[in-house]
Structures are given as C-alpha cells and as structure tokens.
Peer 1: 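Can you read through this structure? Questions will come right after.
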Amino acid sequence: MTALYPDTEALTARERGALNLYLLSALGLFILLMAFGLTMRLAQSAWIAIAPNVFYQIMTAHGAGMVGTVGLASSAVMWFFLRKYVRLSLPIFVANYVFFMSGAALLLAATFIGKFGGAWTFLYPLPVHSMGLWSINAAAVFMLGYLLIGVGFLLFYLDAMFAIIRVYGNLGRALGLQWLFGGTIDKAHPGTVVASTMVIVVNSLGILGGAVVLVMSLINAYASDFVLDALFTKNLIYFFGHVFVNSSIYMAVIGVYELLPRYTGRPWSVSRPFLWAWAANTVLVLIVFPHHLLMDFAMPRWAMVIGQIASHAEGLPVFAVVAYGALTNIYRSGLGWRMPAMLAVLAMFGWAAGIVPAVIDGTISVNRVMHNTLWVPGHFHFYLLLGVLPMLLAFMYHLIGERADSPDSGRDRLGLAVYLLGGLTFVFMFLAGGHASVPRRYAVHVPEWMPYDQVAAIGAVLVVTAMLLFATRISRGLLKALPESHRSLNR
Amino acid sequence: MTLQDKVWFITLVGIGGVALIFLYVIGQAGRSAEAVRIQRRADAVRRWFFLALLALGVGVTAATLAPFPIPNQHTAKQAPQVVKVVGHQWAWQLSSGPIKAGVPVEFQVTSADVNHGFGIYDGSGRLLAQTQAMPGITNRLVHTFTQPGKYRVLCLEYCGMIHHGMRVEFDVVGTMGGQP
C-alpha cells in the first residue's frame, strides 16, 4: 500500500516554489474568473446593469481564462505525478508558467484595455469584423496571447514526450498498446504514464491545430486579401478547443488515479479495459470535434456521423472504466472520508453525470433544438465545475494535508457542502434554461428567462463563497513550512 | 411532449441514476471487504455494464441517424416553399412572402459578414429548428410548420455587441381559412 506522502513525491525547494506558483496563480485566477461568471448571471438576472459590450468582454475573458487556467492547474497535477516515473525538466515547467502568465496578461489586456469581445472561440471573421467596437490590434493581441500559452504547453508536452520515450522506448509502449490484445500486463506500469502519454499525443496535435488557425487569423488581420474559409477555420478552432479542454480533464484525473487508492488503501492497477479505454480515448478525443459543427449543414455528412458516434462512444471509457474504476476502488474499502477523498469522489460524480446531457446533445436530432442554448454551458459547467475543479482541489487539499492546520476541519466540510449545493443549483439552472430554449451568450435576457438566471446567480454566490474558503485554506497550506517531522522527505 | 421535454426527462433520469449509484457506493464505502473479491465481482458486472452501454449506443445510433436528420445540401430544391435568409450584424433579412403551414419550407441561410445562428422559435418561445448562417456558405434547413401564427428568429451564434438583439418575426398562414 502506498504511503499518503511517499518519498518519491518529495519536492526540492525550487520544485515546491514552481508548483506553488502554478497553484496559487490558478486559485487566484479561478476566483477572478468565477466572479466574472457571477457578474454575467447577475446581469442576465437584471440585478445589476452592465453595458452589453462590457458583458461580452467579460464573457470573452471568462471563457478564455477558464479554459487556460484549468489547463494550467491540470498540467501541474500531471507534472507532479509524472516526474516520479520519468525525468522532467524544471526549467521547462517554469517556462510553461511564464508563457502562460504572459499570454494571460495579453488576453486580459486585449479584452479590458483593447475592448476585444470576440468570445474565447474567436470564430473567423468576428475578430476582424467588430463593427468598430475593438481594433484589429486588440484582436491580434488576444490571438498572440493564445499563441504564447500554446507555446508554453507545447514545450511542456515535448519535454514530457522525450522523457517518456527515454524510459519506455516509444509512446505506444508507454500507452500500453503491447498489452491490448494479449500478454501479461505489467501491473506496475503506471496509469499516470498511460494518461500523460495520451494527453501529450492529443494535445500536441490540438495545440498545433490551434497555432495554424491563430497564425492564419493573424495574417488575415493585417492582410485582408488573405481570405480564410470560415468553415475550415471553425473546424480548426473546435478541434483545438475541444482537444485542449478534454486534455485538461485527462491531466487532472491523473490526481484521482494516484490519490484515491492511497485513501482507500486499495491498489488501482492498470488492466486491459483501462488500457483499451485510454487507447480508444486517444483516437476519440481527436475525431469527436465535429459534434460542435452539427448545425453547420455544409459539413460533410460522414463528419457529422463521426461527430455523433464519437460523442456517444467517448462516454463509454468514462462510465465503464474511469468512474466505474473509482467506484470499485472505494466500494467497501473502509474509506475514511477526508477532504481529498470526498473531493475526488465528487469529481468522479460530476464528470460522469455531466457527460449525460453532453452525450445526449451530441445527437444530431437533439442538437437541432439544443445547440447554442443554455444546455451547452449546462453540460460543460457540470463536468468542469463539479468534475475537473474538484479533481484539482482534491490534489491541492492532499498537498497541504501534511502541513496545514486541520485541513479536514468542519469549515472545509461545510465549504464542500456549500460548493456542491451551489454548483448543482448553478448547473441545473443552465440545463433548465436550455430545456426552455434560452439562447446562450446573451447579454440581455427577457423577463421570462430571468428566473433561471436569478436562481443560478444565487448558486454562483455559494460556489464563489466556498471557493474563497478553499483558496484561503489551500494558499495558507501551500505557503506554510513543512513540520519538522516531515522535512527529511524534502530533498 | 416536445423533443426538449424528452431530452430533459432522459437527462434527469440519467443524472439521477448516476447519483443513486454513487450514493449507494458511498454508503458502502465505510464497510470493509476483501479487495480481490470485490474486484473480481466488479469485473464481471462491468462486462455486462459495458455490453449494455454498447447495445444502447448502437440502438440510439440506428434510431437517430436513419433517416439522416439533416437535409441533403447538394440536391435541387427540396420543398415547395423557399425563403432566402441573410444574417447581418445585427439584423435578419428574409425574402418576402407568406409561409404556409403544413407545407415544407426550405430556408436557404447565409451570412453577409460573420457567423450567425438562424434559430426559429414558436410563439411560446420554444426553439423549433436551427442552422448556422455563415459567410460564403448557404445552409439549407427544411422545416414544416404545423400551426399558423407568429414565429421569431433569434441569433444562436455569438456575433458581437447586439447579438442578443438580432431578431425578426415572420408569419405562417394556414393554407385554407387559416388552417394548415
């Protein structure tokens, strides 16, 4: 049975400094961006008044910021656990952080100084067709911000890729492909390596796709003769966006794979279904993006069919392997409910439950009446707010477990209850709004839509309150010195 | 029961089912049992669970893709009525002429500037159908209105500052004496 805090995970002072930079920045950004989200729901409720252009700037910053910040925090989880098995470069890990923060600064400057409000998806040609609301330069700064973030992540993935290849020979062996059809599986083969390899493969391609569309869009911004194909750019944007967000989930779930067995006292070893699930996901995550384009009737029919089938198929590994594996791991395990374990189980629930409305929306005939209604933020907030964020919080609560004062206090547990109540209220109001055909991304709502907004705003207040508590507790824990008895673990 | 109602019902049942399974396992987590025995049983159950999900997936695919729910974009006119639609920042331009209820209508949808979403809402505010309006591309949406009355078009793809105000109304008339 693995110790809660094994020696192999001990951090040098520099490593701890770098990890703290990631996590403290992510916590600060999460709170800021959640406040943006709350502001939008309050505005839609007509409880506060903000100009539509400001609403759309906030919406742009919220979307771009959340996607990036979830990626940043998730990459910290992957780095923390993967470095046990392969040799990762600390300077490159730090470089990713520097690129990210520089990119984030550009995104915020573009939205709040340059007044860019083209949404995080920057669908061509909106960035260069603002009707005078923002300049070409503001759009370019926004896209440069994305490029910087992408460069940082790509460096991180390349370093991890070479490190994995040095140990395992090639990416296929790291993924465990040699055991898909037979052979004796090495039970010591780390699930973290399998998951990291999958993420490296898909997100390197995703980021490259994003880089292509960003560079094309930047050229178009200053050379209008260089006209882009709107449908092609849309494909590239959703390919990049979908893969990036999915990769963040898969990086964050590494923490659950590593930590849950320590709290249950039961191993969670790789198995053939596990390896099949990750191999299948490597393909599915890359080909599923057309489900964002099901209402683009000009798309080839085969692409739409792939979009629907891959959407449905993507639920299989999550339900039948990851969530099922977590439930098997805790079932009659004698689990003591500490904060990391509670958060990890909540995360598995949020992910699995959030997939239900997502998979249904991936059906073309359903998409016809649900696409771009509040149903869409309903399902992705479900698995991000109640899935991925609890995964990240579980990791952070675990980290501070050996140093913070009573990280399992009644206050923390109350915070978790408030978070769950607020989160469920918030996401169900999105889904209910989608059921009532309320369009997404509207700065102004008509009175009959407002009850959903108002209840959601109350839910958002609860979530932000709980998150403030979590962030305070975790930040204090991260910055506190290790107790004397644990210092021998530090290198 | 509208399609939205069915989707809402299935979603609530699905999420409720996931929640119940989690609550059951959480309720059992405090007890102890031999890990190997639990794993063996779980593996056996998983085979059936996986097969059930697979069968469900195959059934849903067959039921929802045939006939294909999106009209062929490459054949000649597919409905007796045609309405040309152009999205502009921030207004809809629809070719004139009444639309008859009970008779299929083909909306030929494009955009003069950025991406828009052409969403048709009925008088009660329910979304009936949609397609994207894109520059340089014409998407063809075929719909049959079952009831005469006033319908609204809202924009369902974010297109800039007045995205929320980009709406227009049109009338659907009965073919005889106000009846479809």
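To find a chain, count down the sequence lines: A is the first, B the second, and so on, and within it residues start at 1. The figures here come from the full heavy-atom set of this structure, side chains too, leaving out hydrogens, waters and symmetry mates.
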Peer 1: Please look at A:Asn367 and chain B and tell me whether the side chain, the backbone, both or neither of the residue comes under 4.5 angstrom of a heavy atom of that chain.
Peer 2: backbone

Peer 1: Relative to chain B, which of A:Gln57, A:His445, A:Met131 shows the most heavy atom pairs under 4.5 Å?
Peer 2: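 Heavy-atom pairs under 4.5 Å are most numerous for A:Met131.
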
Peer 1: Using non-hydrogen atoms only, which part of A:Thr373 is less than 4.5 Å away from chain B: side chain, backbone, both, or neither?
Peer 2: side chain

Peer 1: Between B:Gln73 and chain A, which part of the residue has a heavy atom less than 4.5 Å away: side chain, backbone, both or neither?
Peer 2: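 The side chain, not the backbone.
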
Peer 1: What part of B:Ala133 gets closer than 4.5 Å to chain A, counting heavy atoms only: side chain, backbone, both or neither?
Peer 2: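 Neither part.
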
Peer 1: Once you round to the nearest 0.5 Å, how far does CG of B:Leu127 lie from CZ of A:Arg368?
Peer 2: 9.5 Å

Peer 1: In terms of ring plane angle, is the pair B:Trp8 and A:Trp375 parallel, tilted or perpendicular, where the classes change at 30° and 60°?
Peer 2: perpendicular

Peer 1: What distance do A:Leu294 atom CG and B:Ile70 atom CD1 have between them, rounded to the nearest 0.5 Å?
Peer 2: 6.5 Å

Peer 1: Does some side-chain heavy atom of B:Val114 sit less than 4.5 Å from a side-chain heavy atom of A:Leu123?
Peer 2: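 Sidechains of B:Val114 and A:Leu123: no contact.
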
Peer 1: Is A:Leu231 close to chain B through its backbone or its side chain, or both, or neither, when contacts mean heavy atoms under 4.5 Å?
Peer 2: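 Backbone plus side chain of A:Leu231, per the 4.5 Å heavy-atom cut-off to chain B.
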
Peer 1: If you compare all heavy atoms of A:Ala119 against all heavy atoms of B:Tyr158, which two are closest, and at what distance to 0.1 Å?
Peer 2: CB-CD2, 3.7 Å

Peer 1: What part of A:Arg301 lies closer than 4.5 angstrom to a heavy atom of chain B: side chain, backbone, both or neither?
Peer 2: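 Both parts, heavy atoms under 4.5 Å.
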
Peer 1: Do you know which of B:Gln130, B:Gln4, B:Met161, B:Gln39 has the most heavy-atom pairs with chain A at a distance under 4.5 angstrom?
Peer 2: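 Among B:Gln130, B:Gln4, B:Met161, B:Gln39, the one with the most close pairs to chain A is B:Gln130.
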
Peer 1: About how many Å separate CG of A:Leu327 and CD1 of B:Ile21, when rounded to the nearest 0.5 Å?
Peer 2: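 Taking CD1 in B:Ile21 and CG in A:Leu327, the distance rounds to 7.5 Å.
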
Peer 1: Select one option (side chain, backbone, both, neither) describing which atoms of A:Ile330 are under 4.5 Å from chain B's heavy atoms.
Peer 2: both

Peer 1: Checking B:Val45 against chain A: side chain, backbone, both or neither under 4.5 Å from a heavy atom?
Peer 2: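 Both the backbone and the side chain of B:Val45 come within 4.5 Å of chain A.
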
Peer 1: Run the side-chain contact (heavy atoms from CB on, under 4.5 Å) test on B:Thr11 and A:His379 for me, step by step, so that the C-alpha distance in whole Å, both residues' side-chain angles and the decisive distance to 0.1 Å come before the verdict.
Peer 2: CA-CA 10 Å; B:Thr11 300; A:His379 67 67; over 6 Å; no

Peer 1: Of all the heavy-atom pairs spanning A:Arg266 and B:Ala33, show the shortest one and how long it is.
Peer 2: NH2-O, 3.3 Å

Peer 1: So which residue, A:Gly354, A:Ala432, A:Ala436, ends up with the most heavy-atom pairs under 4.5 Å with chain B?
Peer 2: A:Ala432

Peer 1: Would you mind checking which part of A:Val227 comes under 4.5 Å of any heavy atom in chain B, side chain (CB onward), backbone (N, CA, C, O), both or neither?
Peer 2: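 Contact with chain B involves no heavy atom of A:Val227 at all.
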
Peer 1: Let me know if A:Met304 has heavy atoms under 4.5 Å from chain B in its side chain, its backbone, both or neither.
Peer 2: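 Looking at A:Met304, just its side chain touches chain B.
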
Peer 1: B:Arg46 side chain to A:Ala320 main-chain N or O, any donor-acceptor pair under 3.5 Å?
Peer 2: yes

Peer 1: Pick whichever of A:Phe55, A:Trp134, A:Tyr331 has the most heavy-atom pairs under 4.5 Å with chain B.
Peer 2: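 Top count of heavy-atom pairs under 4.5 Å with chain B: A:Tyr331.
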
Peer 1: Do you know which of A:Arg332, A:Arg441, A:Met348 has the most heavy-atom pairs with chain B at a distance under 4.5 angstrom?
Peer 2: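 Sorted descending by pairs with chain B, the first entry is A:Arg332.
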
Peer 1: Could you tell me how the ring of A:Tyr324 sits relative to the ring of B:Phe49: parallel (under 30°), tilted (30 to 60°) or perpendicular (over 60°)?
Peer 2: parallel

Peer 1: Any non-hydrogen side-chain atom of B:Gln132 less than 4.5 Å from a side-chain atom of A:Lys234?
Peer 2: yes

Peer 1: What pair of heavy atoms forms the shortest contact from B:Pro135 to A:Pro125, and how long is it?
Peer 2: CG-CD, 4.0 Å

Peer 1: Tell me, for A:Leu293 versus chain B, whether the close heavy atoms (under 4.5 Å) come from the side chain, the backbone, both or neither.
Peer 2: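 When you check distances to chain B, no heavy atom of A:Leu293 falls under 4.5 Å.
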
Peer 1: For residues B:Thr64 and A:Ile364, determine if any side-chain heavy atom of one lies less than 4.5 Å from a side-chain heavy atom of the other.
Peer 2: no

Peer 1: Among the options B:Val60, B:Ile10, B:Val18, B:Thr2, pick out the one with the most heavy-atom pairs lying under 4.5 Å from chain A.
Peer 2: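 Looking at each of B:Val60, B:Ile10, B:Val18, B:Thr2 in turn, B:Val18 comes out on top.
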
Peer 1: OG1 of B:Thr61 to NE2 of A:His312: how many Å apart, nearest 0.5 Å?
Peer 2: 6.5 Å

Peer 1: Can you give me the closest heavy-atom contact between A:Tyr124 and B:Asn115, atom names plus distance?
Peer 2: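 Residues A:Tyr124 and B:Asn115, closest heavy atoms: O-ND2, 2.8 Å.
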
Peer 1: Against chain A, label B:Ile120 side chain, backbone, both or neither, depending on which of its atoms sit under 4.5 Å from a heavy atom there.
Peer 2: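 Nothing of B:Ile120, per the 4.5 Å heavy-atom cut-off to chain A.
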
Peer 1: Give the minimum heavy-atom separation between B:Trp90 and A:Ser130, together with the two atoms involved.
Peer 2: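 Heavy atoms of B:Trp90 and A:Ser130 come nearest at CH2-O, 4.4 Å.
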
Peer 1: Quick one: what part of A:His371 sits under 4.5 Å from any heavy atom of chain B, side chain, backbone, both or neither?
Peer 2: both

Peer 1: Around atom CZ of B:Phe68, are there more than 12 heavy atoms from other residues, nucleotides or ligands closer than 6.0 Å?
Peer 2: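 Yes, enclosed.
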
Peer 1: Using side-chain heavy atoms (C-beta onward) and a distance below 4.5 Å, is B:Ile26 in contact with A:Phe349?
Peer 2: no

Peer 1: For a quick test of reading the model, state the closest non-hydrogen atom pair linking B:Pro71 to A:Phe297 and the distance between them.
Peer 2: CD-CE1, 4.5 Å

Peer 1: At a heavy-atom separation under 4.5 Å, does A:Thr328 approach chain B through its side chain, its backbone, both, or neither?
Peer 2: both

Peer 1: Heavy-atom pairs under 4.5 Å with chain A are the metric here; pick the option from B:Pro69, B:Gly136, B:Gly165 that has the most.
Peer 2: B:Pro69

Peer 1: Please classify the contact between A:Ala313 and chain B as side chain, backbone, both or neither, with a heavy-atom cut-off of under 4.5 Å.
Peer 2: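 Nothing of A:Ala313, per the 4.5 Å heavy-atom cut-off to chain B.
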
Peer 1: What part of B:Tyr121 gets within 4.5 angstrom of chain A, counting heavy atoms only: side chain, backbone, both, or neither?
Peer 2: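 When you check distances to chain A, only side chain atoms of B:Tyr121 fall under 4.5 Å.
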
Peer 1: Can you tell if the side chain of A:Met295 reaches within under 4.5 Å of the side chain of B:Glu157, non-hydrogen atoms only?
Peer 2: no

Peer 1: Please look at A:Leu133 and chain B and tell me whether the side chain, the backbone, both or neither of the residue comes under 4.5 angstrom of a heavy atom of that chain.
Peer 2: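 When you check distances to chain B, only side chain atoms of A:Leu133 fall under 4.5 Å.
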
Peer 1: Name the member of B:Ser124, B:Gly57, B:Ala129 that forms the most heavy-atom pairs with chain A at distances under 4.5 Å.
Peer 2: B:Ala129

Peer 1: Supply the atom-to-atom distance B:Gln28 CD to A:Leu335 CG, rounded to the nearest 0.5 angstrom.
Peer 2: 12.5 Å

Peer 1: Could you tell me whether the side chain of B:Ile15 reaches within less than 4.5 Å of the side chain of A:Phe428, counting heavy atoms only?
Peer 2: yes

Peer 1: What residue in A:Ala352, A:Pro267, A:Pro357 has the most heavy-atom pairs under 4.5 Å with chain B?
Peer 2: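 Top count of heavy-atom pairs under 4.5 Å with chain B: A:Pro357.
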
Peer 1: What residue in A:Ile360, A:Val356, A:Asp296 has the most heavy-atom pairs under 4.5 Å with chain B?
Peer 2: A:Asp296

Peer 1: OG of A:Ser333 to CD1 of B:Ile38: how many Å apart, nearest 0.5 Å?
Peer 2: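 Here the interatomic distance stands at 9.0 Å.
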
Peer 1: Considering only heavy atoms from C-beta outward, does the side chain of B:Asp43 approach that of A:Pro273 to under 4.5 Å?
Peer 2: no

Peer 1: Considering only heavy atoms, which portion of A:His129 lies under 4.5 Å from any heavy atom of chain B: side chain, backbone, both, or neither?
Peer 2: both

Peer 1: Hey, does A:Arg440 have a side-chain heavy atom less than 4.5 Å from the side chain of B:Leu156?
Peer 2: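 Side chain of B:Leu156 against side chain of A:Arg440, heavy atoms only: no contact under 4.5 Å found.
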
